[in-house]
Amino acid sequence: FDELIVETATKRKQWPKKILMHAIQTMKAEQE
Amino acid sequence: TPGRAQIFATVVDTFLEKLLAAGSYQRFANCYRCFYELQPEVTRSIYDQFISQLQASIKEEIQEVKDEGNLEALFNSLDKIVEETTNQEEPAWRPSGIPEEDIRSVMVPYLLKHRLYLRKILKEKEEENQKVAESVLAGRDRIAELQQLIQARKQAWQ
Amino acid sequence: SVNPMAYEAQFFGFTPQTCMLRIYIAFQDYLFEMMLVVESVILKKLDGFPGCKISPFQIRKSTEKFLLFMKEHFDKLFGKMEEMLLQLVLNIPKNVLLPEDKVHEQYPYSKEQFQALQDEISQLQQQYRAEASAGQALRAELEEQKAVQAELEKILQWFDGLENICREHGIGNFKESFVFLAQNSKKLQDVLKDVEEKSK
């Protein structure tokens, strides 16, 4: 349970940034 | 207001102090009465070493936990974050547990920028097309005019 | 109910409860180890007294008595320490938002608002594509117009050229000259007819 909490919390912290990076790349590519 | 690091140290020290106070020499000697009566000085010596070693081990463990978890820096960082939030009393946002919902707000600022960019280039394109359309209309008028002139000359010759 | 302290785990990288549990187990282990060492030291000292009536069993009983006492106090004191640390130190107050989540405070978009924003972006993209196509079509027509205008101007220039030739050869107004020529031809024809009749 503890490992699951830490894993989920880490994902919550890191994954939005990763997803955002891809979204920004897509938007930039579209702009270009 | 003391910082988290200080509170942590104080609470651990207090725990240790009270634990060692509870395990007093009187209590120790009382439990090991038979040996105490035989060798009081040795009993005292053993007790002192026991307390000293226990204290050292506990402090070492705490330091290890602090080093491994980088607790000192984290406590200071959290103190700073809390200090900057003194104006707000309402409960702050917390993860909803639904990733698709939570990612929305993260995306919004960039989508707004993208929307601004699209509006700008659309406006530029519309203005550009407006100018070209005016040229096209003028061109059509000119062609009609030329056709009329030619027609007049042709008729005159005919 | 269990509070998983997930938001604290997001900040610290570990759950506060696990941190406390690790400390508890380590402290407890040290206590037990120290007691075993104390017991073994006492037993070793007793070996130096062969006539001594104190048995290892008695020493073990003493150790258990002291350890039980210490463990009770240890558990009580540790419980209080854990409570204090979880409340005051390893805790993120309810009104505090971590820096990485600030965006949720600034842009609290609902599902409908987000969808509306995405729809608007999609619409702008379509509009831009339409304008780009329209621009292309307009520029294509401009190119065609240039070619057509050039051809029409060439035709006009041909007409101008024709009139210039007539003017160079002394015919100011071609139509009038042509009419004059036609009339003179008619007069000459009439005179010729007259002469032929008189000759007969």
Side-chain angles (χ1 to χ4, degrees), chain B residues 4 7-8 11-12 15 18-19 22-23 27-28 31-32 34-35 38-39 42 46 50 53-54 57-58 61 65 69 74-75 78 81-82 85 88-94 104-106 108-109 111 114-115 118-119 121-122 125-126 128-129 132-133 135-136 139-140 142-143 146-147 149-150 153, chain C residues 7 11-12 14 23 26-27 30-31 34 38 41-42 45 52 54 58-59 62 65-66 69-70 73-74 77-78 81 84-85 88-89 93-99 101 103-105 107-109 114 117 120-121 124-125 127-128 131-132 134-135 138-139 141-142 145 148-149 152-153 155-156 159:
Chain B
R4 280 171 164 72
I7 297 173
F8 184 82
V11 168
V12 170
F15 160 82
K18 290 192 171 171
L19 181 67
R27 177 69 63 175
F28 184 81
C31 290
Y32 287 99
C34 42
F35 184 76
L38 188 67
Q39 294 273 290
V42 175
I46 292 172
F50 160 71
Q53 199 58 45
L54 185 64
S57 299
I58 284 176
E61 177 64 24
V65 167
L74 287 173
F75 289 156
L78 186 52
I81 293 168
V82 171
T85 325
Q88 286 159 286
E89 283 181 18
E90 282 176 20
W93 176 88
R94 287 289 184 264
R104 264 187 241 136
S105 294
V106 176
V108 163
L111 288 176
H114 191 50
R115 183 180 71 173
L118 287 172
R119 280 178 178 168
I121 61 165
L122 178 61
K125 202 57 161 176
E126 282 171 345
E128 189 189 309
N129 284 355
V132 177
S135 299
V136 164
R140 286 180 190 174
R142 175 72 184 140
I143 286 173
L146 286 170
Q147 283 175 326
L149 282 171
I150 290 169
R153 303 283 264 273
Chain C
Y7 206 51
F11 177 78
F12 287 108
F14 54 80
I23 295 173
F27 284 11
Y30 288 135
L31 182 63
M34 293 298 119
V38 162
V41 166
I42 291 174
K45 293 286 181 198
C52 173
I54 302 169
Q58 278 176 285
I59 299 299
S62 300
K65 188 178 170 184
F66 186 68
F69 173 80
M70 286 296 281
H73 279 269
F74 172 82
L77 290 167
F78 194 91
M81 178 171 84
M84 288 202 76
L85 291 180
L88 300 175
V89 177
K94 292 227 181 313
N95 65 326
V96 169
L97 191 61
L98 294 177
D101 294 328
V103 73
H104 294 280
E105 206 175 55
Y107 301 102
Y109 267 52
F114 189 76
L117 178 59
E120 194 183 336
I121 284 172
L124 284 168
Q125 286 164 343
Q127 279 179 296
Y128 183 80
E131 281 297 323
L138 286 170
R139 270 184 286 278
E141 187 175 329
L142 262 184
Q145 280 181 357
V148 168
Q149 276 179 23
L152 293 176
E153 272 161 7
I155 294 172
L156 268 179
F159 275 114

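Both backbone and side-chain heavy atoms feed into the values below; hydrogens, waters and symmetry mates do not. To find a chain, count down the sequence lines: A is the first, B the second, and so on, and within it residues start at 1. Please read all numbers here as calculations on a predicted model, not as lab measurements.
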Chain C contacts, top residue of [options] (heavy-atom pairs, under 4.5 Å):
options: B/I121, B/V42, B/I7; result: B/I121
options: B/I150, B/V12, B/V106, B/L118; result: B/I150
options: B/V65, B/V132, B/T85, B/V108; result: B/V108
options: B/E61, B/R153, B/K125; result: B/R153

Non-neighbouring partners of B/E126 that pass salt bridge (charged side-chain N to carboxylate O under 4.0 Å, His left out), sequence neighbours left out |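 None.
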Pairing residues for B/R4 by the salt bridge (charged side-chain N to carboxylate O under 4.0 Å, His left out) criterion, not counting sequence neighbours = B/D79
For residues C/F11 and B/I81, determine if any side-chain heavy atom of one lies less than 4.5 Å from a side-chain heavy atom of the other.
-> yes
Report the relative orientation of the aromatic rings in C/H104 and B/W93; use parallel for angles under 30°, tilted for 30 to 60°, perpendicular for over 60°.
-> parallel
How are the rings of C/F74 and B/F15 set to each other: parallel, tilted or perpendicular (split at 30° and 60°)?
-> perpendicular
Result for side chain to side chain contact (heavy atoms under 4.5 Å, CB included) between B/L149 and one of C/I155, C/L152, C/L156 points to C/L156
Part of [X] within contact of chain C (heavy atom distance under 4.5 Å):
X: B/V82; value: both
X: B/E89; value: backbone
X: B/R94; value: side chain

